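Computed from a predicted structure; not experimentally measured. Order of the sequence lines sets the chain letters (A, B, ...), proteins ahead of strands, with each chain counted from 1.
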There are 4 protein chains.
Amino acid sequence: MDVAIIGGTGYGAVELLRFLHNHPHVNVKKVISHSNSGTDLADVYPHLTEVADIQMSALEVDTLAEEVELVFFATPSNVSKNVIPSLVEKGVRCIDLSGDFRLRNGDKYQEYYGEEIAPWQYIDKAIYGLSEINKESIKEASILANPGCYPTATALGLIPAIEQGLIDSQSIIIDAKTGVSGAGRGLSLNFHFSEMTENFRAYQVGVHKHIPEIEQTLSELSHENIQVIFTPHVVPMTRGIMSTIYADMSDEYQTKQLLDIYHSYYKDHPFVRVRPEGVIPATKEVYGSNYCDIGLYADERTGKLIIVSVIDNLVKGASGQAIQNMNIMYGWDEKTGLDQLPIFP
Amino acid sequence: MDVAIIGGTGYGAVELLRFLHNHPHVNVKKVISHSNSGTDLADVYPHLTEVADIQMSALEVDTLAEEVELVFFATPSNVSKNVIPSLVEKGVRCIDLSGDFRLRNGDKYQEYYGEEIAPWQYIDKAIYGLSEINKESIKEASILANPGCYPTATALGLIPAIEQGLIDSQSIIIDAKTGVSGAGRGLSLNFHFSEMTENFRAYQVGVHKHIPEIEQTLSELSHENIQVIFTPHVVPMTRGIMSTIYADMSDEYQTKQLLDIYHSYYKDHPFVRVRPEGVIPATKEVYGSNYCDIGLYADERTGKLIIVSVIDNLVKGASGQAIQNMNIMYGWDEKTGLDQLPIFP
Amino acid sequence: MDVAIIGGTGYGAVELLRFLHNHPHVNVKKVISHSNSGTDLADVYPHLTEVADIQMSALEVDTLAEEVELVFFATPSNVSKNVIPSLVEKGVRCIDLSGDFRLRNGDKYQEYYGEEIAPWQYIDKAIYGLSEINKESIKEASILANPGCYPTATALGLIPAIEQGLIDSQSIIIDAKTGVSGAGRGLSLNFHFSEMTENFRAYQVGVHKHIPEIEQTLSELSHENIQVIFTPHVVPMTRGIMSTIYADMSDEYQTKQLLDIYHSYYKDHPFVRVRPEGVIPATKEVYGSNYCDIGLYADERTGKLIIVSVIDNLVKGASGQAIQNMNIMYGWDEKTGLDQLPIFP
Amino acid sequence: MDVAIIGGTGYGAVELLRFLHNHPHVNVKKVISHSNSGTDLADVYPHLTEVADIQMSALEVDTLAEEVELVFFATPSNVSKNVIPSLVEKGVRCIDLSGDFRLRNGDKYQEYYGEEIAPWQYIDKAIYGLSEINKESIKEASILANPGCYPTATALGLIPAIEQGLIDSQSIIIDAKTGVSGAGRGLSLNFHFSEMTENFRAYQVGVHKHIPEIEQTLSELSHENIQVIFTPHVVPMTRGIMSTIYADMSDEYQTKQLLDIYHSYYKDHPFVRVRPEGVIPATKEVYGSNYCDIGLYADERTGKLIIVSVIDNLVKGASGQAIQNMNIMYGWDEKTGLDQLPIFP
C-alpha cells in the first residue's frame with residue numbers, strides 16, 4: 001500500500017519513516033514538505049543517508065489522491081484542517097498527528113488553538129485514535145485524529161480507574177513531564193542545549209492545549225463533566241513522558257487490588273504493560289518503543305491513588321500510535337511494524 | 001573561627017568547603033572521614049588539588065572539642081545522634097545536615113529512619129534551621145538541625161500561603177523533582193550514568209522520609225495537623241530541586257494578589273526571590289547558589305493554586321543553608337560567604 | 001535455530017536480545033548468568049517486561065551443547081577461553097563478544113589481559129569477525145572472535161587507506177571517544193551519574209587493551225609491523241564511538257579523490273556509509289543501528305588525512321556485528337534482523 | 001573603578017558579571033547591548049533577578065569614555081575593531097574577548113575572519129593576554145586581546161615543552177573537545193537540545209579560526225614557523241574544554257621528568273595545576289573556575305608525548321582570563337575576584 005507523509009522535516013515524520021521501514025504492507029511513496037520541497041531527506045536528516053532515499057516534494061492534493069491510499073499528517077496545528085477535507089472527499093484516508101481534529105468543541109478549539117475549528121461535517125467524521133479504547137470505531141475511520149502525547153499517557157493511566165469508579169473523577173491532578181523532543185525541531189532559546197541541559201522547567205502552567213483534550217476524553221468516558229489540573233514540565237532528555245496522576249480513591253483500596261483491575265483491563269492490549277506491586281516504571285524502560293507502562297500506589301494514609309504512566313512521546317505519543325491505528329484501520333495485526341523492544345540503555 | 005566537617009567524602013562536605021573557602025571569618029581546621037582517614041582530600045576530589053590541602057582524619061571527640069568551636073555534620077542518617085551529644089556537652093556548637101535531629105516525634109523517626117531517635121534532652125535543644133522562618137531561635141542554637149532539601153523548597157513555597165490562610169491546608173499535593181546529586185556519592189545501579197541519563201523516575205512513592213519533616217514544619221506553623229501527599233522524582237541532571245505544589249485556594253484569588261503577599265512576606269530575606277506574574281523559575285536559574293526562587297499561578301478555572309519553588313539541592317537544600325545558619329548563629333551578615341551568583345549557563 | 005546467550009546481565013546480552021527479537025531464523029532458548037541464575041530477565045531489565053519472558057539459568061556445558069547450535073558469549077575478559085573449547089568440541093559454534101580469542105600473540109594477551117592466552121589449537125581456529133573484511137573466513141568459523149568496539153570503528157576507517165597505500169602506515173594517531181555504555185553495567189565512581197554528566201575524560205592513556213588488537217588487524221592487512229598511538233576518552237552520553245584518525249598522506253590527495261576510493265571500497269557493504277565531501281558524521285546519526293559512517297578530510301595545508309569513523313558501540317561495536325557475523329556464518333542475508341534505521345533524535 | 005561590558009546578551013558578559021560581582025575594586029556601571037538596549041538584564045537572564053539590577057543600554061562612545069575607565073568587549077567577531085580605536089584614543093583601556101586583535105597577520109585575519117584586519121597602529125598596540133606567559137606586557141596594555149578558548153588550553157599545555165625543547169615542534173596534533181556553551185547563545189539546529197544531547201561531533205575540520213591563533217602563539221615563542229593539525233569536536237555538556245595534544249619527544253623522556261619540568265615552569269602561576277604522574281585531569285574538575293589543569297603521558301613505546309589540558313571554556317577560556325588580565329593591568333593580585341573553587345559535582 002502506498003502512503004504519503006506530510007511534514008517531512010519534523011520528528012513525527014522521521015519516526016513514521018523509522019517504523020514504516022519495517023512494515024511489510026506499506027510503501028512510503030511521498031514525503032511532503034512545504035519548506036524543503038526538492039531537497040533530499042538525507043540532507044535534512046543525515047542519519048537517513050542511503051536508507052531513505054527520497055526527495056521531498058510539495059503538496060498537490062489532486063495528484064496525491066491518485067498516488068496514495070493513506071496520508072499521515074505530521075504537521076503543526078492549523079494545517080491539516082485545510083487539507084484533509086479535500087483528500088477525504090477524494091477517498092484518501094487521513095491520519096492526523098496534529099490537534100486539528102481532536103476537539104469536538106469549537107470554542108475550546110478557538111481558545112487553545114487560536115483559529116476556527118475545521119468544518120463540522122469533518123469534525124463529525126473524525127475518530128479519536130486512542131487505540132486501546134476506540135478500536136471498533138478506528139476500524140472504519142476516514143479521518144483519524146491521533147491523540148496528543150500527554151493525553152495518551154494520561155488517559156491510559158486513568159481510564160480503568162474512571163470506568164470502574166475507583167476514584168473521584170473531580171479530584172484529578174496531573175503533573176506531567178516530557179522530554180524535549182516533544183517541542184519539535186523548531187529552534188527556541190528554551191531548547192538551546194546550553195540552557196536546557198542540567199535544567200528542569202514547568203511551562204504553559206494552566207494553559208496547555210492538551211487540557212481540553214484530556215478533559216474531553218475523560219468526560220466522554222465517564223459521562224460527566226470532568227475538569228483536571230494539568231501542569232507540564234520539560235526534562236533534560238530527548239524522549240519520554242511521565243504523567244504522575246493524583247486522585248481521591250472512592251473506597252479503601254489496596255495497591256494490589258487496583259493492579260488486578262488494571263491487569264485485567266489491559267490484558268488483551270499488547271502495548272500496555274501494568275507493572276507489579278512495588279514497581280513504578282521509568283521513562284527509559286519504554287524508550288524508542290510503542291509501550292505505555294503503568295504503575296500504581298494506593299496511599300492508604302491519605303486516601304489518594306497515585307498513578308504513574310510512561311510512554312515514549314514520539315512513539316506511543318505520536319508516530320507509533322499512528323501506525324498502530326493504521327494497522328487497526330486496515331485489519332492488520334496491531335503490532336505490525338511496531339514489534340520492537342525498547343532500546344536500553 | 002576554627003571549624004570541622006565530619007563526612008569528608010560526601011557532596012555535602014565539598015560544598016561546605018567551596019563556600020567556606022570564601023568565608024572571611026572561618027577556617028576549616030579538620031575534615032573528618034571514617035572511611036578515608038589519612039587520605040588527602042585531593043586524592044578523593046581531584047578538583048580540590050592545591051586549593052584544599054587537607055589530609056582527612058578520624059573522629060576523636062575529645063581533641064576535636066578542643067580544636068574547633070563548631071562542627072558541621074555532613075553524615076548519613078543515624079550517625080550524628082551518637083556524636084553530637086558529647087560535643088555539645090563540651091561546648092561545641094553543631095550544625096547537622098543529616099536528618100537525626102529534625103523530627104520531634106520518636107515513632108515517626110523510628111518508622112522513617114529505622115532506629116531510635118536521639119535522647120530527648122538533645123532533641124529538645126535542637127533548632128530546626130529553616131533560616132527564613134526560625135531566625136530568632138537559630139541565633140541561640142547549640143544543635144542546629146539543618147532542613148532537608150525537599151522540605152526547604154516545599155516549606156518556603158507554602159509558608160506564606162499557609163500563614164495567611166490563602167489555601168486549604170488539608171489539600172496539599174507536592175510533586176517534587178530532584179537532580180541526582182541528592183542521592184549522594186554512594187554507588188547504585190539507579191544512578192549509573194547509562195541507566196540514569198535520558199531517564200526520568202519516580203521513587204519511594206508514598207514512603208520518603210521527608211514526608212514527616214514537611215508535615216511537622218507545616219503543622220507547627222499552622223497549629224493544625226497537616227497531612228501532605230509527596231511524590232519525589234529524579235531528573236537526569238546533577239543539581240536542582242523543583243517542588244510543584246497544588247492546593248485549593250480558600251477564596252477567589254488572582255495570581256497578582258498572591259504574588260504581592262509573597263513579595264511582602266519575603267522582602268527582608270535576600271535568598272528568596274519571588275518572580276513576577278507569568279514567570280515560573282527553572283532549576284538552572286539558581287544553580288550553584290543559595291537562592292530559593294518561587295513562582296505562582298492561581299488557576300481561576302479550577303480554584304487551585306500552583307506553587308513552583310526551586311533551589312539547588314546541595315546549596316540552599318544543604319550546605320548553603322548550613323552556612324547561612326552559621327552566619328545567623330554568630331551574628332554575621334546572612335550572606336557572608338554565600339553572596340555568589342548562580343552559574344549560568 | 002536455537003541459540004544461547006551467556007552473560008545475561010550485561011548490556012551486550014540485552015542488545016543481542018533486542019535484535020534477535022526481530023530475527024526470523026533464531027530463537028533465544030537460554031540466557032545464562034552466573035550471578036543471576038534463577039532470576040527472571042525482567043527483574044533485572046524491567047524494559048523487557050512481558051516481551052522477553054525468560055528465567056536466567058546457570059551454565060552447564062553438556063546440556064547446553066544438546067539444546068542449542070550456537071552460543072553468544074557476552075562475558076567479561078578471561079571467561080570464554082575456559083568454556084568455548086569444550087563447546088566447540090561438542091560441535092557448538094561460538095561467537096565471542098569478549099577479547100579472549102582476538103589476539104594471536106600470547107605475550108600481548110598476557111600483558112593486556114593479565115592471564116595466559118587460550119590454548120593454541122583454539123586460537124588457531126578463531127576467526128576475527130570484522131564482517132566487511134573477513135567475510136569468506138567467517139562463513140566457516142566455529143569460533144568467531146567478535147571485534148572490540150574501538151577496533152571496529154578504527155579499522156573500518158583506516159583499511160581502505162592502508163590497503164590502497166594512501167597513507168604512511170607508521171604515522172597513525174587515533175583519538176577515540178566513547179559513550180559510557182562501553183564500560184558496561186558494573187558500578188564505578190567514574191560512571192556515577194553526578195560525576196560523569198557534564199564531564200569529559202581521557203582514560204587508560206597509552207595502555208588500553210584495544211591497542212594490540214588494532215595493531216594486529218592493521219599489521220596483518222598491510223604485511224608490516226604497524227604501531228599506533230591510541231587515546232580513548234569517555235563522553236557524557238550512553239552510546240556512540242567516534243574515532244578521529246590522523247595520518248600522513250603518501251601523496252598530494254584531495255578529499256574528493258579519497259572519498260571516491262572509499263565509496264568504491266565499501267560499495268557492496270550495506271552497513272558502511274561513506275559521507276559526501278564536506279560532511280563529517282556525528283555519533284547520533286548511527287544511534288541504535290549497525291551502521292559505521294565515515295567522513296574524510298584531506299588537509300592539503302599540512303599533508304595530513306583526517307578520518308572520522310562513527311558507530312554505536314553496543315551495535316556495530318558489539319552485538320550488532322555479532323549478529324551480522326552469525327548471518328554470514330549461516331548463509332543468511334547480512335542484514336537479517338539488523339535492518340533498522342538509527343533512532344533520531 | 002567603573003567598567004562597562006559590551007555584548008550584554010552573550011555568555012561572555014554573564015560570566016564577567018558573575019565574577020565582577022565578587023570583585024572588590026570594580027563596579028559594572030554599564031551593560032551595553034545592541035539588540036536589547038532598554039531591556040532589564042533579568043528579563044534576558046532570569047538567574048540575575050534582584051542581583052544584577054541593570055538596564056542594558058545602547059553604545060555611545062563619547063559618553064562611555066567619560067563614564068568608565070575600562071571596557072570589556074564580549075562581542076562577536078568584527079565588532080570591536082570598529083569601536084576600540086576611538087575608545088583607546090579617549091584614554092579608555094579595552095579588554096577584547098573576541099578575536100579582532102589577536103592575529104598579527106592581515107591575510108590570515110582576512111582568510112579566517114572574512115574581513116579586513118583592524119588598523120595597524122591598533123594591532124601594534126594590542127597585547128595578547130595569555131596571562132601566564134605575557135604578564136609583563138599585559139601590565140601596560142591599552143588594548144588587551146584576550147585569547148581564544150582553544151588557544152588558551154592548547155598553548156598552556158604546549159609551551160613548557162616547546163620552550164624547553166622537549167618535543168619536535170613540527171609534529172604537533174591537537175584533538176580538541178569543547179562543551180556547547182563555546183558556541184554562544186545564538187540558535188542553531190546543531191545545538192538544539194534534542195540533536196545535541198547524546199551526540200558527539202567534529203566540526204570545522206581543518207578550517208577553524210583558532211588554527212592561526214595557536215600557530216602564531218607557538219611560532220612567536222619558538223622563533224620558528226610552527227604548523228599544527230587542529231580538530232575541534234563538541235561534547236554534549238555545557239562547559240569545559242579538553243585539548244589532547246600529540247607530539248614526538250625530542251629524546252627518551254619519562255613522564256615523571258617531564259612533569260617536574262612542567263611543575264617548575266608553572267610554580268608561580270596559581271591558576272595552572274600540573275597533575276601528578278598517572279593522573280589525567282577531567283573537564284569537570286575545573287568547572288566554573290579559572291584553573292587550567294594539565295596531565296602528561298610520555299609513551300615510551302612510540303616516542304610520543306601526550307598532553308591533556310583542560311579549562312572551563314567560559315572562564316579561563318574567556319571571562320575569567322579577562323578578569324585575570326584586568327587584575328594584572330591594574331596591579332591587583334591576579335586572583336582578585338577569581339578565587340573560587342570549581343563546582344563539583
Under the salt bridge (Lys or Arg N to Asp or Glu O under 4.0 Å) criterion, do Glu198(A) and Arg239(D) qualify, and how do the steps go? CA-CA 11 Å; Glu198(A) 189 73 19; Arg239(D) 287 164 180 257; over 6 Å; no
Highest number of heavy-atom pairs under 4.5 Å with chain D: which of Gly184(A), Ala183(A), Pro236(A), Ser181(A)? Pro236(A)
Do Ser188(D) and Asn190(D) pair up side chain to side chain, a donor and an acceptor below 3.5 Å, judged on atom types alone? no
Please determine whether a side-chain nitrogen of the Lys or Arg among Glu285(D) and Arg275(D) lies less than 4.0 Å from a carboxylate oxygen of the Asp or Glu. yes
Only one of Thr283(A), Thr152(A), Thr178(A), Val286(A) clears side-chain contact (heavy atoms from CB on, under 4.5 Å) with Asn313(A); which? Thr178(A)
For Arg185(D), is it the side chain, the backbone, both or neither that has a heavy atom under 4.5 Å from a heavy atom of chain A? both
Between Glu195(D), His192(D), Met196(D), which has the largest tally of heavy atom pairs under 4.5 Å with chain A? His192(D)
